[in-house]
2 protein chains.
Amino acid sequence: MTESAVASPGTRQRLIEASGELFAELGFRDVTVRQICLRAGANIAAVNYHFRDKESLYREVVLSAYRTARERFPVTQGVSESDPPETRLRAFAKGLLQRIFDDASPPWGRLLAREMVEPTPALDGVIEEGVRPQYALLTQIVREVLGPAASDEAIRRHAASVVGQVLVYQSCRSVMQRLLGGESDGKSQIDALADHITRFSIDAMRSARRTLEGGKPTGKTP
Amino acid sequence: MTESAVASPGTRQRLIEASGELFAELGFRDVTVRQICLRAGANIAAVNYHFRDKESLYREVVLSAYRTARERFPVTQGVSESDPPETRLRAFAKGLLQRIFDDASPPWGRLLAREMVEPTPALDGVIEEGVRPQYALLTQIVREVLGPAASDEAIRRHAASVVGQVLVYQSCRSVMQRLLGGESDGKSQIDALADHITRFSIDAMRSARRTLEGGKPTGKTP
C-alpha cells in the first residue's frame, strides 16, 4: 500500500466508521488497532497516521457520532428564540427523543451510554462541544418559565427534571421493554412523549413560579 | 483443599463478594473464573460447585447487590399505605436517591448501569424480583394523584416522568460533575432533591388531573 493510500481522506473516514461499529460492539478496551484497520480495509499504519493512537481515534469517533446526531436532530428544529418557552422546550425534548430512538444513525447512543457509565477523556470533548451549549439553551428556557425570583440552584434542579424525563427513555430502555413489553413507548410515540414531557414540565414550573412569587409584594398592592 | 472447604457457605459468600468487585471493575466478559477464585481464596472448583458457571454466579451477584441496596434503602421507609401520596412519593424518590448516591454498599450501581446499557439475563432477575413490585408501588401513587380519569398510558408516562427525574442523577452523574463542577448535587442534597422531585411531580400531576377532569360532567350539575 502506498503512502498516499494511507493518507487519503477516504481512509480517515473509513477508519472512523469501522472503529465506531467496533467500539459500540465491544467497548474501547476490547478493540485492537489491527481489527479496526482490517475492517476499514486500511494499512496498519493508517490509525497512527490519521489519529496518532487508538485513544485519539476513539475521541474522534465519539465526537463524530455526536455531530451527526446533532445535525440530523437539532434541538431547535422549527423554532426561533422569539417563540414561547413551551414551543422551544417541546423542540428541545423532541430533538433529544429523536436521537434516542434513532436506530439508523451511527452507534452514538450506545457509545455515549457507555461513556456515561465509564467515562473516558472522550466524554469531555462531547460535553464542551455539545452538552454545554445545549444545557445553556435549556437553562434559558427554564429561567424564563420560572421567572426572575428563581435561584441558580432552582434552575439547575428544574433543568435536571426536564432532562431526566427525556433521558429515561435511553437509560431505562432495556428495563422498560422487559417491564412493559409491547406497551413500552417507542419511536412512533416521539411526538406524544414530547407533548407529555413539555406539559408536565411547564405545569410544574408555572406552579413553582407561583410559589416563588407568592410571598413577594407585587408592587401594585396599595 | 477438602470437599467441605469448597462446599462451605462462607466460600459461597466470599465468591459473591470477590466476583462482585471484579465484575463491577472489569465487566462480565473480562473476568475469569480463575481470577474470582483467586481473589476469594477459594478452590477453582468452588464456582462450579456453588453456582454451576460464571453466568449463574453473575446473576446471583447482581441480585445480591440489589437485595442489599433494597434492604438498606427501602422506598417505603417511614411511610404506610394510608399516608397521602406526596409522602409516599417522597419516600420513593428518597430511597432511590439514597441507593444512587451510596458509595459504601456493594458495587450495585455500576453493575446495574452496565446491565442497562448492555442487558444480560441477569437483568431479568432484578426486574422480576425488584423493579416490577417497585413499579407497581409507583403506579399506585401516580394513579391516586391523577384520579380515575387517567388512562393506563397516561399513568405509564407520568410514572416515567417521576422515575426519570430520579435516575438522571445516576445516568448523568459523570456528565453533571463535568458540566457543573462543584455545583452538581451530591449525597448531602438527597433530602432537597427528594423535596424538589416530589413538588415538581405532584404539581404536574395535579394540573394534569384538572385537565383530565375539566371536560367531564361532574354528575352533580343539574
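- Using a 4.5 Å heavy-atom cutoff, the side chains of B:Pro119 and A:Arg178 are in contact.
- Only the side chain of A:Leu167 comes within contact range of chain B, with at least one heavy atom under 4.5 Å from a heavy atom of that chain.
- Near-neighbour residues of residues 83-96 of chain B relative to chain A, defined by a heavy atom under 4.5 Å from a heavy atom of that chain, are none.
- Residue A:Arg206 does not touch chain B at all, counting heavy-atom pairs closer than 4.5 Å.
- Using a 4.5 Å cut-off on side-chain heavy atoms (C-beta onward), A:Asp203 and B:Asp203 make no contact.
- In this structure, CG in B:Leu179 is found 10.0 Å from CG in A:Leu123, a value given to the nearest 0.5 Å.
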Can you give the donor-acceptor pairs under 3.5 Å from side chains of residues 73-81 of chain A to other protein atoms, not counting sequence neighbours?
{"from": "A:Ser80", "atom 1": "OG", "to": "A:Ser82", "atom 2": "N", "distance (Å)": "3.3"}
{"from": "A:Ser80", "atom 1": "OG", "to": "A:Ser82", "atom 2": "OG", "distance (Å)": "2.9"}

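- Interface with chain A: from residues 157-166 of chain B, residues B:Arg157, B:His158, B:Ala160, B:Ser161, B:Val163, B:Gly164, B:Gln165 qualify, criterion being any non-hydrogen pair under 4.5 Å.
- B:Glu17 is linked by a salt bridge (charged side-chain N to carboxylate O under 4.0 Å, His left out) to nothing, counting only residues two or more places apart in sequence or in another chain.
- Proximity of A:Asp30 to B:Asp30: side-chain heavy atoms (C-beta onward) are separated by under 4.5 Å at one or more points.
- Comparing B:Val131, B:Ile127, B:Ile202 by heavy-atom pairs within less than 4.5 Å of chain A, the highest count is held by B:Ile127.
- Note on B:Arg199, B:Arg156, B:Glu115: by heavy-atom pairs under 4.5 Å with chain A, the leading option is B:Arg156.
- A 6.0 Å sphere centred on CZ of B:Arg143 holds no more than 12 heavy atoms belonging to other residues, nucleotides or ligands.
- Note: A:Leu26 leads A:Leu26, A:Ile197, A:Asp152 in heavy-atom pairs under 4.5 Å with chain B.
- Using a 4.5 Å heavy-atom cutoff, the side chains of A:Phe200 and B:Ser207 are not in contact.
- A:Leu180 touches chain B through its side chain: at least one heavy atom from C-beta onward sits under 4.5 Å away, while N, CA, C and O do not.
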